[in-house]
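Only a predicted model underlies this, so the values are computations on that prediction, with no experimental measurement involved. Sequence positions, counted from 1, serve as the residue numbers for this chain.
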Amino acid sequence: GGLRAVEGMLLRKQKARLKLMKKKIYVAYGSNMDLVQMAHRCPQAELLGQSMMKNWQLLFKGSQTGAYATIERKLGYEVPVLLWAISKVDEHWLDIYEGYPSFYYKKIVEVQTGSGPVSGMAYIMHEEKNLGIPTVQYYSVLVQAYENFGFDLRILQTAYRDCLVD
């Protein structure tokens, strides 16, 4: 109870500061939940907190180069996320890493936090991409992030199992 109130107060202060700093909120659910990779990709990014996206499903989809995490709307599912404050430079590097706009597109999504809903930008893979099996290396990055932040590994395991079905 008390911790959530403190987190809510901090998030409100951070949102006000973000406006002053011209940063935006980025909602990460895949390999950008890895702190080391994010520090390398987006040196100006600041971790704001974590949350769950209700009524979204984690999936692995892709192309010949491999399968990666994406999310799609689905009732009854939820996806753990990290909320980052990113600069325009960070966003530029994320665009390149995510293959925007050909592989992923950007969408403003709403995430519930201790202090209420927050809008942030997420990268979502184009829905016509096929389900696929992620590499062991990529999947292990997500497992490590889930463990680091105390997220339910069953969400990740379900997404993996679902990608095995034709």
Side-chain angles (χ1 to χ4, degrees), residues 4 7 11 24-43 45-86 90-114 117-166:
R4 286 211 185 271
E7 284 178 342
L11 195 58
K24 70 164 54 168
I25 294 177
Y26 162 54
V27 179
Y29 55 82
S31 63
N32 291 329
M33 292 195 302
D34 182 272
L35 300 180
V36 174
Q37 288 188 35
M38 270 301 279
H40 176 73
R41 272 179 215 133
C42 302
E46 180 185 348
L47 181 61
L48 299 177
Q50 62 189 66
S51 187
M52 297 295 286
M53 286 180 65
K54 303 282 186 206
N55 298 318
W56 287 86
Q57 180 183 19
L58 181 69
L59 298 166
F60 292 105
K61 289 186 161 190
S63 62
Q64 284 73 33
T65 60
Y68 305 95
T70 188
I71 54 174
E72 291 182 8
R73 280 229 170 256
K74 188 152 186 184
L75 281 174
Y77 282 76
E78 58 183 8
V79 177
V81 296
L82 295 184
L83 304 176
W84 293 93
I86 60 168
D90 293 327
E91 186 173 358
H92 168 76
W93 290 117
L94 283 173
D95 286 349
I96 293 169
Y97 174 74
E98 299 291 350
Y100 169 82
S102 57
F103 202 57
Y104 283 85
Y105 63 92
K106 296 179 196 180
K107 182 176 179 69
I108 301 301
V109 295
E110 193 174 273
V111 178
Q112 293 299 323
T113 69
V118 172
S119 292
M121 181 270 295
Y123 290 92
I124 299 176
M125 195 180 299
H126 291 284
E127 283 79 4
E128 71 275 2
K129 300 284 185 190
N130 294 319
L131 290 173
I133 300 170
T135 65
V136 170
Q137 182 183 359
Y138 180 82
Y139 186 77
S140 66
V141 167
L142 272 62
V143 168
Q144 189 63 57
Y146 271 58
E147 289 176 346
N148 288 346
F149 291 99
F151 294 140
D152 186 348
L153 275 169
R154 288 174 298 187
I155 295 169
L156 199 53
Q157 293 160 350
T158 297
Y160 188 87
R161 194 178 57 242
D162 290 349
C163 78
L164 299 174
V165 179
D166 287 324

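How far OG of Ser119 is from NZ of Lys107: 11.0 Å, rounded to the nearest 0.5 Å. Rounding to the nearest 0.5 angstrom, the gap separating the CZ atom in Arg154 from the CZ atom in Arg161 is 11.0 Å. Taking CE from Met33 and CZ from Phe151, the interatomic distance works out to 6.0 Å, rounded to the nearest 0.5 Å. Interatomic distance, Asp95 CG to Glu91 CD, rounded to the nearest 0.5 Å: 5.5 Å. Atoms CG and OH, from Leu58 and Tyr146 in turn, are 4.5 Å apart once rounded to the nearest 0.5 Å. Rounded to the nearest 0.5 angstrom, Leu156 CG and Glu147 CD are separated by 9.5 Å.
Lys129 has its side chain out of reach of Thr70: every pair of non-hydrogen atoms, C-beta onward, lies at least 4.5 Å apart. Under the 4.5 Å side-chain criterion, counting only non-hydrogen atoms from C-beta, Tyr104 is in contact with Tyr68. Using a 4.5 Å heavy-atom cutoff, the side chains of Ile71 and Leu59 are not in contact. Contact of the Glu78 side chain with the Trp56 side chain is not registered, since no non-hydrogen atoms from C-beta on lie closer than 4.5 Å. Two residues are said to be in side-chain contact when any heavy atoms from C-beta on lie closer than 4.5 Å; Asp90 and Trp84 fail this criterion. Residues Met38 and Leu94 have side chains in contact (heavy-atom distance under 4.5 Å, counting atoms from C-beta outward). For the pair Met121/Tyr123, a side-chain contact is recorded, criterion being any heavy-atom separation below 4.5 Å from C-beta on. With contacts defined as side-chain heavy-atom distances shorter than 4.5 Å, the pair Phe103/His126 does not qualify.
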**Q.** Verdict with supporting geometry, Leu48 and Ile25, side-chain contact (heavy atoms from CB on, under 4.5 Å)
**A.** CA-CA 9 Å; Leu48 299 177; Ile25 294 177; 4.0 Å; yes
Q: Start with the C-alpha distance between Asp162 and Leu131, add both sets of side-chain angles, then the distance that settles side-chain contact (heavy atoms from CB on, under 4.5 Å), and finish with yes or no.
A: CA-CA 8 Å; Asp162 290 349; Leu131 290 173; 5.6 Å; no
Q: Walk me through it: do Thr113 and Leu83 pass the test side-chain contact (heavy atoms from CB on, under 4.5 Å)?
A: CA-CA 10 Å; Thr113 69; Leu83 304 176; 3.9 Å; yes
**Q.** Stepwise side-chain hydrogen bond (donor to acceptor under 3.5 Å, both in side chains) test for Asn32 and Tyr26
**A.** CA-CA 10 Å; Asn32 291 329; Tyr26 162 54; 2.8 Å; yes
Q: Kindly determine whether Ile155 and Met52 satisfy side-chain contact (heavy atoms from CB on, under 4.5 Å), including the steps that lead there.
A: CA-CA 11 Å; Ile155 295 169; Met52 297 295 286; 3.7 Å; yes
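Nearest heavy atom pair, residue Glu127 against residue Ile124, reads OE2-CG2, 3.9 Å. Of all the heavy atoms in Tyr105 and Tyr100, the pair that sits closest is CA-CD1, 4.0 Å. Contact record, Met125 with Lys61: CE-O, 3.2 Å, taken as the closest heavy-atom pair. Of all the heavy atoms in Pro134 and Cys163, the pair that sits closest is CD-SG, 4.0 Å. Of all non-hydrogen atoms in Gly30 and Ala69, the two that sit nearest each other are CA-CB, 4.1 Å. Nearest heavy atom pair, residue Gln57 against residue Val79, reads C-CG2, 3.6 Å.
Residues Ser31 and Tyr97 have side chains that bring a donor and an acceptor to within less than 3.5 angstrom of each other.
With hydrogens and angles disregarded, a donor-acceptor distance shorter than 3.5 Å links the side chain of Ser51 to the backbone of Gln112.
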